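The next block holds one structure in the form of structure tokens; read it before the comments.
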Amino acid sequence: QVQLVQSGGGSVQAGGSLRLSCAASKNIGPRHSMAWFRQAPGEERVGVAGIYTGGGAKYYADSVKGRFTIQHNNKNNTYYLQMNELKPEDTALYYCAASQLRPWETILQPTGWSNWGQGTQVTVSS
């Protein structure tokens, strides 16, 4: 069982940038999926960005395309979510998640993930 430890986040004004980190306790391996999700108060958890750990395509929710980038560093088993041009509507609790390889159609769905980070708050003020 891999543990995911998140860091980063915080408060920023609209238009600013933040980077979230998700450190895995061990090498997840190439045949896995990894994604970022967020949950605003009173709302459901939604997918933001996803990636296959073996490389290849990256997937983004329409609401963050062109502003957020999912990245990974295989040397230190850490995944990142670079968030630029932040908007107040990006305010939420952000989670990283990892699982066995899953179809690309489901990579932004919040169900069926075997490992979750503890969550980190992002607050964007106008």
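Keep in mind that this is a model prediction, so the values were computed, not measured. In this chain, residues are counted from 1 in sequence order.
A donor-acceptor pair under 3.5 Å is formed between the side chain of Thr53 and the backbone N or O of Gly29.
Side chains of Gln1 and Asn115: a donor on one and an acceptor on the other come within 3.5 Å. The closest side-chain donor-acceptor pair between Asn73 and Gln71, if any, does not fall under 3.5 angstrom. In the model, Tyr94 has a side-chain atom that pairs as donor or acceptor with a side-chain atom of Arg38 under 3.5 Å.
Pairing each heavy atom of Ser33 with each of Gln100, the nearest pair is OG-O, 3.8 Å. Of all the heavy atoms in Val2 and Ile28, the pair that sits closest is CG2-CG1, 4.3 Å. Annotation for Thr120 and Gln6: closest pair CG2-NE2, 3.4 Å, computed over non-hydrogen atoms. A pairwise comparison of heavy atoms in Ala61 and Gly47 identifies CB-O, 3.4 Å as the closest pair. Heavy atoms only, all atoms of each residue included: Asn84 and Ser17 are closest at OD1-OG, 2.9 Å. Contact between Ile107 and Met34 at its shortest, heavy atoms only, is CD1-O, 4.4 Å.
Connection of Leu86 to Leu81 is established within a shared hydrophobic cluster, with ILVMFWY side chains joined at heavy-atom distances below 4.5 Å, either directly or through further cluster members. Ile70 and Tyr52 fall into different hydrophobic clusters, where Ile, Leu, Val, Met, Phe, Trp and Tyr side chains are chained together by heavy-atom contacts under 4.5 Å. Residue Ile51 is not grouped with residue Trp104 when hydrophobic side chains (ILVMFWY) are merged at heavy-atom distances under 4.5 angstrom, including chains of intermediate members.
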Legend entry - Trace of the side chain to side chain contact (heavy atoms under 4.5 Å, CB included) decision for Thr123 with Val12: CA-CA 6 Å; Thr123 302; Val12 66; over 6 Å; no

Inset, instruction - In sequence, state the C-alpha distance, the side-chain angles, and the governing distance for Phe68 and Trp36, and then conclude on ring pair (Phe, Tyr, Trp, His ring centres under 6.0 Å). - result: CA-CA 11 Å; Phe68 289 14; Trp36 287 93; 10.0 Å; no

Legend entry - Chi angles and distances behind the side chain to side chain contact (heavy atoms under 4.5 Å, CB included) call for Leu20, Val122: CA-CA 9 Å; Leu20 306 182; Val122 171; 4.0 Å; yes

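For Phe37 and Trp116, the ring centers sit closer than 6.0 Å to each other.
Inter-residue side-chain proximity for Lys26 and Gln3 is flagged as unmet; no heavy-atom pair is nearer than 4.5 Å. Taking 4.5 Å as the limit, every side-chain heavy atom of Tyr80 sits out of range of all side-chain heavy atoms of Thr69. Taking 4.5 Å as the limit, every side-chain heavy atom of Leu4 sits out of range of all side-chain heavy atoms of Tyr79.
The cationic atom of Arg45 (NZ for Lys, CZ for Arg) lies less than 6.0 Å from the six-membered ring centre of Tyr95 and within 45° of the ring axis.
When the shell of 6.0 Å around CD of Gln121 is examined, it contains more than 12 heavy atoms from other residues, nucleotides or ligands. Heavy atoms of other residues, nucleotides or ligands lying less than 6.0 angstrom from CD of Gln13 number 12 at most.
With values rounded to the nearest 0.5 angstrom, Ser7 atom OG is found 8.0 Å from Gln118 atom CD.
Note on Asp90 versus Lys87: no salt bridge recorded, every NZ/NE/NH1/NH2 to OD/OE distance being 4.0 Å or above.
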